[in-house]
Amino acid sequence: MTFFSSLAWTGISFVLFTALVAIISAWKTRDEQLDTAEGYFLAGRGLPGVVIAGSLLLTNLSAEQLVGLNGQSWKTNMGPIAWEVGSMFTLLVLAYYFLPKYLKMGAMTIPSLMEERYGRGTKTMFSVVIVVMYSILNLPVILYSGAVVFEQIFDISGIMGTSKFVAVAILCVIIGIIGGCYAIFGGLKAVAVSDTINGVGLIIGGLMIPFLGFAALSAATGGHGILDGVKYMIEADPAKMNAINAWNAPEPEVPWPLIITGMFFNNLYWWCTNQSFVQRSLAAKSLKEGQKGAIFCGFLKCLGPLYLVIPGIIAFYLPSIQDKLAAAGSSAIDFAYPALISEIVPKPVMGFFAAVLFGAILSSFNSVLNSASTMFTLDLYRSSINPKASDTKCVKVGKIYGTIAGCISIVIAPFIMNAGGITTFLNSMSQFVSLPVLCTILGIKRSQNAMTAEQRAVYDRKCAAILRCSSDQALLSHVMETATNQSELAELLNNGCKTIYLCEGTFSVPIRKSGIHYCGIGNPKVETTFTAEQYKKAGITFDGITLPEMPDAETAYLAEQAAHENGYDDFAEKHCCLATLLHDRIKGYRIYRSYSSCI
């Protein structure tokens, strides 16, 4: 048992759990299409509700929040519970108001919504401000604050025999590299999966703290079990259990009018219009799954006070740590939670708890890094710098930018220690951005005047066709990439669409452009003699569409001839226009002419 209480076991268990999260995340994302913008930045819009809930929870929860809220409850009362419970209502607003609106408009980023209402200039200006704020300011502060909290709880400088600056710098490098690997190489799917696993660990590890605390409190006050510890906490000072403060209560107390005014709107901004949070919901496989994720996250937030508020109250009463807190002086508010952890967490599970806390720090960092990369690539690079950039190019640019932003944040982060109140300053500055962004998003509605009457009729017809074939309203966000007949398919191919939705009709899918993914809505029929294997070799994939099993001999021969003429000897099916000719035989010259401009 001595080994399991040693520092070596703490380190081994920490590495094992952290490695387990990485392995599971890599395995779950092994077949993902990370070469498309939607696949890399929005996880292919395929996240289930439980993954969205876990990722939302971990994106919100940071290490400094664990220390900060518990410190506030240690100094005041149960008032900080409002930050957790209040989030539940704004998550319902996200699920039933904002998310359906975002998905119907086909949004990938928050700035892209602004273009609908205010034009490209506004979108570009907003994107520059947010990307700079995320990349140069937020990321270093997240790294620094997470490293400081980790240092406070586990005394890394004491273990390594170095100064606090060196310990914080080492932690910033480790967190930055590991978090960057998730965000840069795995895309949003890897970030979301790792968040979910760490979220499970957080619930287990976080909920372990109050029970261990109550047991320790009971033993220290002459009780005989957890319930006696709860009883002591309630009866020792009933005012300490009060969660409603006076309207003019001073900081760090939470005045009760703040709950229904400033706090509500602040929560609306973070949960409903902040890119780091909203991006998880936008990646839902359907509106229903996105709503499930937001609602389930709201339920998990109701459990938050058990590990974000109650431990601070326990620390206030636990006799064995009072000398440490008194010695901390004015810093005691930030030392209450670390002191409690070091006192009550058994050594054999300290490594697991450290890994869970490390995962929470990683989540905050890689979530913001992924969001910054997404907005830079889609709202600045593709929109203003290189409008004709392919999905593959955008993904490459996103990875390069993410690497640069991650490296800059690692270099800057340790020096924040010498910058005085910069963290408070940055947190305050974010509030100047929050309400204007929220009001801007609330003022957006889909432009009805951007289309001609003819375009509006086509748009409405496609929407009606989609709703006839599926009850999933999230598919309406793809109406501009949907074809209901062969002419519309030809137009989408001509416009360079990489993901095309085929709805209701009968289609002939040509093998002349690689890297295209076709999705079926309402089980459309593909009228062609190419097989799934031939399409796969040509770099064309299908989802929800049934293809013929046997190739046609004449078609295969002509395809081979066409491929040889164009220099494609490895596989005969690629880059030939044969499906167009075949479709001409079936549908007539009118359809062939619609393709002639594409050949």
Side-chain angles (χ1 to χ4, degrees), residues 58-72 83 127-153 156-157 164-180 182-184 191 195 252 266-267 269-271 273-277 279 308 331 333-334 337-338 357-376 401-434 437:
L58 263 290
T59 299
N60 170 248
L61 184 63
S62 58
E64 63 268 24
Q65 190 178 9
L66 280 167
V67 172
L69 286 181
N70 279 299
Q72 286 185 7
W83 291 104
S127 299
V128 169
V129 171
I130 298 299
V131 166
V132 169
M133 186 175 73
Y134 276 17
S135 305
I136 309 300
L137 303 178
N138 287 29
L139 285 172
V141 169
I142 289 171
L143 276 181
Y144 169 74
S145 56
V148 167
V149 169
F150 207 80
E151 153 68 19
Q152 284 179 330
I153 294 178
I156 304 299
S157 59
K164 287 188 178 294
F165 177 84
V166 173
V168 168
I170 293 173
L171 286 169
C172 286
V173 172
I174 295 173
I175 296 168
I177 291 175
I178 297 178
Y182 280 114
I184 295 167
V191 172
D195 286 353
N266 182 71
N267 284 338
Y269 162 72
W270 284 107
W271 288 105
T273 64
N274 183 277
Q275 178 70 26
S276 300
F277 293 83
Q279 193 167 338
L308 289 170
S331 300
I333 188 171
D334 293 327
Y337 188 71
L357 188 64
F358 187 75
I361 299 170
L362 279 181
S363 176
S364 299
F365 177 76
N366 60 31
S367 296
V368 175
L369 181 61
N370 180 263
S371 296
S373 179
T374 300
M375 287 190 290
F376 174 82
Y401 180 79
T403 303
I404 294 172
C407 291
I408 292 174
S409 64
I410 290 173
V411 172
I412 295 175
F415 296 98
I416 295 179
M417 179 180 290
N418 304 317
I422 189 170
T423 302
T424 302
F425 169 74
L426 291 177
N427 289 335
S428 301
M429 286 299 294
S430 68
Q431 303 311 311
F432 286 99
V433 177
S434 60
V437 172

Under the side-chain contact (heavy atoms from CB on, under 4.5 Å) test, which residues partner [X], sequence neighbours left out?
X	result
Ser364	Ser62, Ile142
Asn70	Ser73, Pro311, Tyr337
Leu139	Phe365, Val368, Leu369, Ala405, Ser409
Val411	none

Heavy atoms only: give me the nearest [X]-[Y] pair and the separation to one decimal.
X	Y	result
Ser367	Ser276	O-OG, 4.1 Å
Met375	Tyr134	CE-CE2, 3.5 Å
Ile412	Pro140	CG2-CB, 3.9 Å
Gly402	Ser373	N-OG, 4.3 Å

Nearest-0.5 Å distance that lies between atom [atom1] in [X] and atom [atom2] in [Y]:
X	Y	atom1	atom2	result
Phe165	Phe415	CZ	CZ	4.5 Å
Ile361	Leu61	CD1	CG	10.0 Å
Thr374	Gln275	OG1	CD	6.5 Å
Asn267	Asn274	CG	CG	12.0 Å

Legend entry - Non-neighbouring partners of Tyr401 that pass ring-ring contact (aromatic ring centres under 6.0 Å, His included), sequence neighbours left out: Phe376

Inset, instruction - Without swapping roles, check the side chain of Ser363 against the backbone of Gly359 for a donor-acceptor pair under 3.5 Å. - result: no

Legend entry - Donor-acceptor under 3.5 Å (Asn370 side chain, Asn366 main chain): no

Which atom pairs, one a donor and one an acceptor, fall under 3.5 Å between side chains of residues 171-180 and the rest of the protein, sequence neighbours left out?
none

Inset, instruction - Determine whether Leu308 and Trp83 make a side-chain contact, defined as any pair of heavy atoms from C-beta on separated by less than 4.5 Å. - result: no

Legend entry - Leu357 side chain reached by Phe150 side chain, heavy atoms, under 4.5 Å: yes

Legend entry - Residue pairs, two or more places apart or on separate chains, that pass salt bridge (charged side-chain N to carboxylate O under 4.0 Å, His left out) and touch residues 138-151: Glu151-Lys164

Legend entry - Verdict with reasoning, Tyr269 to Val437, per side-chain contact (heavy atoms from CB on, under 4.5 Å): CA-CA 7 Å; Tyr269 162 72; Val437 172; 3.9 Å; yes

